Protein chains: 2
Amino acid sequence: MNRPTITDLARMLQLNASTVSRALNDHPDVSPETKKRVNELARELGYTPNQLAVNLRKRHSGLIALLVSEMNMFFNPSVFRAIEEEIHANGYNLIILQANNTLSRETQNVQICRQLAVEGVLVSLSAEAQNLDHFATLLDQKVPVVFFDRVLPQDHSCSVTVDDLEITRQAVDHLLKKGHRRIGGLFGDPKLSITRERLIGFRETLSNAGIPFDPQLAMYAQNSEEGSHCALELVEKHQVSALFAMSDELMVGAVQALETTKKKIPEELAIIAISDGFAPEFYNPKITHIRHSGYQVGQHAAQLLLDVIRGTIKKPLQEKLACQLVELGSV
Amino acid sequence: MNRPTITDLARMLQLNASTVSRALNDHPDVSPETKKRVNELARELGYTPNQLAVNLRKRHSGLIALLVSEMNMFFNPSVFRAIEEEIHANGYNLIILQANNTLSRETQNVQICRQLAVEGVLVSLSAEAQNLDHFATLLDQKVPVVFFDRVLPQDHSCSVTVDDLEITRQAVDHLLKKGHRRIGGLFGDPKLSITRERLIGFRETLSNAGIPFDPQLAMYAQNSEEGSHCALELVEKHQVSALFAMSDELMVGAVQALETTKKKIPEELAIIAISDGFAPEFYNPKITHIRHSGYQVGQHAAQLLLDVIRGTIKKPLQEKLACQLVELGSV
DNA sequence: AACCTTTGTGCAAACGTTTGCTGTGGAAAA
DNA sequence: TTTTCCACAGCAAACGTTTGCACAAAGGTT
């Protein structure tokens, strides 16, 4: 026989489908004896409910979508892992949609969420997104949405981020404390709010220390290769004594470049990064960093989303996670 | 109004739901004029079909599941990206389930696939899986399944892998060609078939070159930290002149450790790895490797699965991808 | 003895589509 | 004119569940 349905069970047991359904769901209205008969036959036939029918009837899908701007080896794996674990532990399943950093794919992904009737959405925005217009269809329908990591700066939706100003301050302060006065900064895509925020933190921390901001010492790089070039320029042309990298990717590029120079880390050049904590272990000396845990971000975002779905949380909540300095050999 | 349904459209247009459905699906039985009216109203109201209902009616979910043993920064991101792109381009959506390398979670994930009525499954087996018994429910129902990367050695299901013997031979041959005779090997979890195969390749290549296999020179390490320890032992205690690492993770561990020694790469110590190609760029000199593209593996696996779903392929097919030597500075 | 409550079950509708079949009006063919 | 055919639209069933309601039998309360 094909996959047995509830109706099949009902026919075989001389019961009504509704009774079988209630028995399987342990409804109090049905007698223990009937429940036993039903469950035994169900087990025997290997019955499992047709989730498609359940979904339609219950008008939900049991699905949570993760919208991510791109697949990135430095941040995503731990975020994915945390989210998958949290979602799964609560009986949902995770569907992943990537946007390739384009607004059009992101918009399309939002439509998919709507069509699939996902019950919640976790979003790390693509660089092109400068507003949330393309999320209107979801937000209008009151589909719970939690933004994380890459968010809009002045937005009042639920979100989980780190305090970019603060962590950059921590990093730069650490360099200042070690006596560095000429500090170069490597920054990512300026379209991203995390980039802008971190740059502000960088400037302000220097200003507060009485060091005038030199625009030449803050460079933008889109990937590790560009990070390498910028790092070389900062070190060789602008003679910085310390480098700040706002991400793992840029840090890796920088260290790779610096290994070509004769400069010893940390004696001749200090380096600090904002990092998930894995890449800093690749080197010797290990790279001092502000630990920005992707796992933690993912976990908190998922928990927040689940709270919103449950209705535990009524008002939008913006959560800012704390980060800690992990002092290793590079500074 | 809530989300409009096909029935709503029908009522507003004084049509039958079936006609509206056909109009939306561009069925030849409905007049161009009616199609126009329907489509206009649909656009106006922002109608999108309720996928839950479509799924139930059509008895499919549009979902493809990716079962992965764990989230790993070295291999997964590019695999995920390739699979997501391929799947999405063909109108399916991707749900991701991780097994935490346990058989129990993997079994559970198989059940989820069945319940959700996924239309195809891509699997990278967890280390604990020594047979496919737990896939019986899927295979019995003729759900298309393609295994990739981590597969069972003697299995006749569809799969996409690399030729482990061959790529290890390439790597070791390269070291031999450079004059190395005392070569250490770093290997991963011995429960995995890729580990066993690569170890065999390692031994045989050495044997063929007239070098008796020394078991002390082939070490198992589960992660990069253990890789570091093993690398140090091989270099300092066993005085190898070259290292082979069967994965990025072990390579990274090894290089990190070697940077603590005074040994110059490649003059005093050569190193080669099997790698996705990213991590070798982190270092200077860059690490020579056999390029095992996760993107390519994912892409081929997804394409194969789609072919099986379409019925284009009748017999199980085991695809073995070729890999190329990327010679950089480390050898 | 009449009434109410409880316990267990069945009936039927609903979730929103898709699709085989039936039917109608009009044009083309005989 | 009659027959045939086609283009178009509607009817109703189906996908497999869940759930409000009705109802019968049994037990308990006045």
Side-chain angles (χ1 to χ4, degrees), chain A residues 1-39 41-42 45-63 91 111-119 141 143, chain B residues 1-39 41-42 45-63 91 114-119 141:
Chain A
M1 182 165 57
N2 251 342
R3 230 177 115 169
T5 73
I6 249 182
T7 323
D8 294 329
L9 297 191
R11 196 168 358 88
M12 298 174 76
L13 292 168
Q14 310 269 47
L15 283 174
N16 190 282
S18 56
T19 306
V20 176
S21 169
R22 281 188 266 254
L24 291 169
N25 293 312
D26 204 24
H27 192 285
D29 268 7
V30 30
S31 74
E33 196 209 352
T34 308
K35 280 182 190 169
K36 189 158 154 283
R37 288 175 58 215
V38 171
N39 285 314
L41 184 61
L45 299 185
Y47 168 83
T48 48
N50 180 326
Q51 204 59 37
L52 268 37
V54 177
N55 289 346
L56 175 59
R57 174 62 219 226
K58 294 210 171 159
R59 316 177 85 150
H60 71 17
S61 58
L63 256 33
Q111 292 310 318
I112 292 176
C113 289
R114 180 158 174 244
Q115 283 181 15
L116 291 182
V118 302
E119 299 185 49
Q141 309 271 340
V143 177
Chain B
M1 182 164 58
N2 250 343
R3 230 177 115 168
T5 73
I6 250 182
T7 324
D8 294 329
L9 297 190
R11 195 168 1 86
M12 298 174 75
L13 292 168
Q14 309 269 49
L15 284 173
N16 189 281
S18 57
T19 306
V20 176
S21 169
R22 279 188 266 254
L24 291 169
N25 293 312
D26 203 24
H27 192 287
D29 269 6
V30 30
S31 73
E33 196 209 352
T34 309
K35 279 183 189 168
K36 189 159 153 282
R37 288 174 60 214
V38 171
N39 284 315
L41 183 62
L45 298 185
Y47 168 83
T48 48
N50 181 327
Q51 203 59 37
L52 267 39
V54 177
N55 289 347
L56 174 59
R57 174 62 219 230
K58 295 210 171 158
R59 316 176 86 152
H60 71 17
S61 59
L63 257 32
R114 181 160 175 243
Q115 283 182 16
L116 290 183
V118 302
E119 299 184 49
Q141 309 269 339

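All figures in this text were calculated on a predicted structure; none of them were measured in a lab.
- In this structure, CG of A:Leu9 is placed 12 Å from C1' of D:dT17, rounded to the nearest angstrom.
- Atom-to-atom, CG of A:Leu13 to P of C:dG10 comes out at 10 Å; the value is rounded to the nearest Å.
- Protein atom CZ of A:Arg114 is 13 Å distant from nucleotide atom P of C:dG16, rounded to whole Å.
- The nearest whole Å value for the distance from the NE2 atom in B:His27 to the P atom in D:dC8 is 12 Å.
- Backbone-only contact: B:Gln14 has heavy atoms under 4.0 Å from sugar-phosphate atoms and none from a base.
- Here A:Leu56 lies in heavy-atom contact (under 4.0 Å) with a base.
- The NZ-C1' distance, from A:Lys35 to C:dT7, rounds to 12 Å in whole Å.
- The residue among B:Lys58 and B:Pro32 whose nearest nucleotide of DNA chain D lies closer to the 5′ end is B:Pro32.
- When each of C:dT9, C:dT17, D:dT17 is scored by its nearest atom to the side-chain atoms of A:Thr5, the top-ranked nucleotide is D:dT17.
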Next item on the list: List the steps and the verdict of side chain to side chain contact (heavy atoms under 4.5 Å, CB included) for A:Met12 and A:Leu45.
Entry: CA-CA 11 Å; A:Met12 298 174 76; A:Leu45 299 185; 3.8 Å; yes
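- At the phosphate of C:dG10, OP1 or OP2 sits under 4.0 Å from a side-chain N or O atom of A:Thr19.
- Using a 4.5 Å heavy-atom cutoff, the side chains of A:Asn50 and A:Thr5 are not in contact.
- Nucleotide D:dT17 holds its P atom 15 Å from the CG atom of B:Asn55, rounded to whole Å.
- Residue A:Leu52 is classed as having no contact, given no heavy-atom separation below 4.0 Å to the nucleic acid.
- Look at A:Tyr47 and you won't find any side-chain N or O under 4.0 angstrom from OP1 or OP2 of D:dG16.
- Among the nucleotides C:dG8, D:dC8, D:dA9, the one closest to any side-chain atom of B:Thr34 is D:dA9.
- Summarising the geometry, the separation between CG on A:Asp29 and P on C:dC11 is reported as 16 Å, rounded to the nearest angstrom.
- Residue B:Asn50 is in sugar-phosphate contact alone, with no base atom involved, counting any heavy-atom pair closer than 4.0 Å across all strands shown.
- Contact annotation: the side chain of B:Arg22 approaches that of B:Ser18 to within less than 4.5 Å [non-hydrogen atoms, C-beta and beyond].
- Comparing atom distances between the A:Asn16 side chain and each of D:dA9, C:dG10, C:dT9 picks out C:dG10 as nearest.
- B:Arg3 places its CZ atom 9 Å from the P atom of C:dG16, with the value rounded to the nearest Å.
- B:Leu52 places a side-chain heavy atom less than 4.5 Å from the side chain of A:Ser61.
- Proximity of B:Arg59 to the phosphate of D:dG16: a side-chain N or O atom is located under 4.0 Å from OP1 or OP2.
- Nearest-nucleotide assignment on DNA chain C puts the 5′-proximal partner with B:Val54, out of B:Val54 and B:Arg22.
- As judged by a 4.0 angstrom heavy-atom cut-off over every strand, A:Ser18 is placed among the base-contacting residues.
- Considering all non-hydrogen atoms of both residues, B:Ala42 and B:Leu9 come closest at CB-CD1, 4.1 Å.
- In the set D:dT19, C:dT9, C:dT17, the nucleotide with an atom closest to the side chain of A:Arg57 is D:dT19.
- Among the heavy atoms of the strands lying under 4.0 Å from A:Asn25 are primed sugar atoms or P, OP1, OP2 only; no base atom is included.
- Dashed line: the shortest gap from a side-chain N or O of A:Ser21 to OP1 or OP2 of D:dG16 is not under 4.0 Å.
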Check: Stepwise, does the side chain to side chain contact (heavy atoms under 4.5 Å, CB included) test hold for B:Tyr47 with B:Asp8?
Finding: CA-CA 10 Å; B:Tyr47 168 83; B:Asp8 294 329; over 6 Å; no
